[in-house]
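To start, the structure itself, in C-alpha cells.
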Amino acid sequence: MVVDLAQFKASLAGDAPAGNVAPPLAGLWWTAKGDWDRAHRIVQDEDTREAAWVHAHLHRIEGDLGNASYWYRQAGQPVAKDALDVEWERIATALLA
C-alpha cells in the first residue's frame, strides 16, 4: 500500500502501480514511467477533479496548453507554470494526502 510520496516514487521501480491506487494516481504513476498514452486513457474517462488535474498535466507535457487550460479549470486548479517535475510532485503529494 502506497502512503507517502517517497513510497510512491519507490513504486516506480515496479512494472505497475499498486492495485489499490486510485485512477488519478495510477495515471500519474504511468506519466512518471513515460507512458503518456496509458496515463491519458486512465484519466480521460474519470469524472473527478483529481483526474482532471492529472489530465491537465498530461496535456501540458504534450504541449497542448489550450487543452491543458481547460482541464485545469475542470480541476479547479490554477494553470501551472513551474517545471513539469515540480508540478508532478505537487499533484502526487496532494493525491496521496
Side-chain angles (χ1 to χ4, degrees):
M1 179 174 184
V2 176
V3 295
D4 66 21
L5 184 60
Q7 289 173 326
F8 185 62
K9 284 182 167 183
S11 77
L12 293 170
D15 293 330
N20 63 333
V21 172
L25 204 51
L28 205 59
W29 191 93
W30 286 110
T31 301
K33 294 289 274 189
D35 195 337
W36 189 98
D37 290 324
R38 191 166 191 171
H40 190 255
R41 280 193 307 273
I42 291 169
V43 298
Q44 74 180 352
D45 294 329
E46 292 292 316
D47 190 24
T48 65
R49 286 182 170 233
E50 295 82 8
W53 196 8
V54 176
H55 203 158
H57 179 69
L58 287 166
H59 285 294
R60 187 169 171 234
I61 290 169
E62 182 186 37
D64 186 349
L65 301 182
N67 201 356
S69 292
Y70 169 82
W71 288 106
Y72 283 117
R73 286 192 304 277
Q74 298 305 305
Q77 295 291 330
V79 174
K81 302 201 184 306
D82 49 359
L84 290 167
D85 61 330
V86 172
E87 182 187 22
W88 184 94
E89 282 203 12
R90 184 172 58 256
I91 297 170
T93 299
L95 295 181
L96 289 163

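Scope of the values below: all heavy atoms of this structure, side chains included, with no hydrogens, waters or symmetry mates.
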Salt bridge (charged side-chain N to carboxylate O under 4.0 Å, His left out) filter on R73, not counting sequence neighbours, yields none
When L84, L58, V43, I42 are each screened for side-chain contact (heavy atoms from CB on, under 4.5 Å) with T31, the one that passes is L58
Remaining members of Y70's ILVMFWY cluster at a side-chain heavy-atom cut-off under 4.5 Å? W71
All side chain to side chain contact (heavy atoms under 4.5 Å, CB included) counterparts of L65, not counting sequence neighbours: R60
Do I91 and Q77 come within less than 4.5 Å of each other through their side chains, counting heavy atoms only? no
Excluding sequence neighbours, so at least two apart, what forms side chain to side chain contact (heavy atoms under 4.5 Å, CB included) with A92? L5, F8, L28, W88
Side chains of residues 44-54: which donor-acceptor pairs under 3.5 Å do they make with residues two or more places apart or in other chains?
{"unit_1": "Q44", "atom_1": "OE1", "unit_2": "H40", "atom_2": "ND1", "d": "3.3"}
{"unit_1": "T48", "atom_1": "OG1", "unit_2": "A51", "atom_2": "N", "d": "3.0"}

Indicate yes or no for a side-chain donor-acceptor contact from K33 to the backbone of G14 under 3.5 Å, with no hydrogens or angles considered. yes
Do you know which two heavy atoms are closest between D82 and V86, and how far apart they sit? OD2-CG1, 3.3 Å
Apply ring-ring contact (aromatic ring centres under 6.0 Å, His included) to H57 and W36, showing your working. CA-CA 10 Å; H57 179 69; W36 189 98; over 10 Å; no
Between the CH2 atom in W30 and the CG atom in L12, the distance rounded to the nearest 0.5 Å is 10.0 Å
Rounded distance [0.5 Å steps], CD in Q7 versus CG in L96: 9.0 Å
Partners meeting salt bridge (charged side-chain N to carboxylate O under 4.0 Å, His left out) with K9 (sequence neighbours left out): E89
